[in-house]
Amino acid sequence: MKNKKFILFLAVCTLFNMAASFAHPVTPTLIVERGLDSSMFGVALAAMMTMNFCFSPFWGKLCGYIPTKRIMLICGIGYAIGQMIFGAAQSELMVVGGRMFAGIFTGGAFTAFSNYVVNTSTSENRGANLTTLVTVQNVCGALGYFIGGMLGLISVEAAFIAQVVVLALAGVLYFFICEDDTPYK
């Protein structure tokens with residue numbers, strides 16, 4: 001992978017991973033404001049993680065057939081739509097449905113990120129590039145919690161709006177800045 005392309009890819013990963021955590025600090029408030037059972041926080045997260053787990057193999061297989069930048073585009077927008085549903089939820093069913101929908105696409109996004117790095121890195125720098133990707137994911141995820149908490153001081157909706165916009169924007173940016181990794185498959 002060319003160094004400049006990898007840096008641009010990591011910059012978009014920074015945005016995506018921060019945005020992925022914007023709603024976490026305000027989720028308990030959303031659930032209380034909607035008058036939902038307090039168990040919904042755990043149920044909603046479990047629904048999302050279950051779909052993430054179930055669909056990751058599907059996305060991984062798909063990464064072998066189409067360019068991963070296309071999967072990143074689809075998953076960035078799909079995740080944004082899922083979070084839009086979740087943020088607008090007024091019922092327990094809608095909360096779980098929105099989180100399940102988002103989970104389908106988070107599995108694809110994170111699977112595509114790793115596939116892209118593996119496909120476009122040389123054997124000499126693949127391990128270092130994967131380590132850098134995971135580090136960015138973890139650090140930016142934590143930073144996203146902070147930003148989401150600050151946005152939550154404005155309103156719960158502000159955190160969700162920022163999340164939806166940045167996730168969708170990141171999906172589009174991946175499509176335009178990432179190289180086509182089809183020749184490396």
Side-chain angles (χ1 to χ4, degrees), residues 12-63 68-114 136-176:
V12 179
C13 282
T14 297
L15 290 174
F16 185 93
N17 286 286
M18 284 190 310
S21 295
F22 285 175
H24 294 311
V26 299
T27 298
T29 304
L30 174 104
I31 289 168
V32 169
E33 284 181 354
R34 304 298 197 265
L36 305 175
D37 188 74
S38 61
S39 67
M40 285 310 299
F41 181 71
V43 170
L45 184 61
M48 181 177 177
M49 292 297 130
T50 299
M51 297 310 282
N52 182 330
F53 173 77
C54 290
F55 277 84
S56 288
F58 163 77
W59 291 110
K61 192 75 166 166
L62 198 58
C63 284
T68 53
K69 70 181 197 169
R70 189 174 307 161
I71 293 170
M72 289 183 243
L73 169 67
I74 293 165
C75 290
I77 293 171
Y79 187 11
I81 292 168
Q83 289 304 99
M84 192 182 313
I85 295 166
F86 176 45
Q90 298 294 321
S91 69
E92 292 176 352
L93 185 63
M94 198 169 167
V95 165
V96 172
R99 292 301 270 173
M100 289 176 79
F101 189 84
I104 292 169
F105 295 99
T106 58
F110 291 107
T111 301
F113 299 160
S114 298
V136 166
Q137 289 173 334
N138 288 312
V139 170
C140 293
L143 185 57
Y145 268 88
F146 173 74
I147 294 169
M150 292 295 108
L151 289 168
L153 293 174
I154 299 167
S155 72
V156 170
E157 292 76 18
F160 277 96
I161 290 167
Q163 184 179 44
V164 167
V165 169
V166 175
L167 289 172
L169 175 66
V172 171
L173 288 173
Y174 281 125
F175 186 76
F176 288 108

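Quick caveat: nothing in here was measured; it's all calculated off a predicted structure.
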Smallest separation among heavy atoms of [X] and [Y], with atom names:
X	Y	value
Phe105	Tyr79	CB-N, 3.5 Å
Leu167	Ala20	CD2-N, 4.1 Å
Gly107	Asn52	CA-OD1, 3.3 Å
Ala47	Val96	CB-CG1, 3.9 Å
Gly148	Val26	O-CG1, 3.9 Å
Ala112	Cys63	CA-SG, 3.9 Å

What distance do [X] atom [atom1] and [Y] atom [atom2] have between them, rounded to the nearest 0.5 Å?
X	Y	atom1	atom2	value
Leu36	Gln90	CG	CD	8.0 Å
Leu143	Asn138	CG	CG	12.5 Å
Thr27	Phe86	OG1	CZ	4.0 Å
Met49	Cys54	CE	SG	12.0 Å
Met84	Ile77	CE	CD1	10.0 Å
Leu93	Met40	CG	CE	8.5 Å

Residue pair Trp59, Ile104: steps toward the side-chain contact (heavy atoms from CB on, under 4.5 Å) verdict:
CA-CA 9 Å; Trp59 291 110; Ile104 292 169; 4.2 Å; yes
Without swapping roles, check the side chain of Thr106 against the backbone of Gly103 for a donor-acceptor pair under 3.5 Å.
yes
Fit a plane to each ring of Tyr174 and Phe113, take the angle between them on a 0 to 90° scale, and name the class: parallel (under 30°), tilted (30 to 60°) or perpendicular (over 60°).
tilted
Has Phe146 got more than 12 heavy atoms of other residues, nucleotides or ligands less than 6.0 Å from its CZ?
no
Got more than 12 heavy atoms from elsewhere within 6.0 Å of CG, Leu153?
yes
If we count only N and O atoms by modelled type, under 3.5 Å, do the side chains of Asn17 and Ser21 hold a donor and an acceptor together?
no
Given Phe22 and Gln83, is the side-chain contact (heavy atoms from CB on, under 4.5 Å) satisfied, shown in steps?
CA-CA 10 Å; Phe22 285 175; Gln83 289 304 99; over 6 Å; no
Is there side-chain contact between Val156 and Glu33, with heavy atoms separated by less than 4.5 Å?
yes
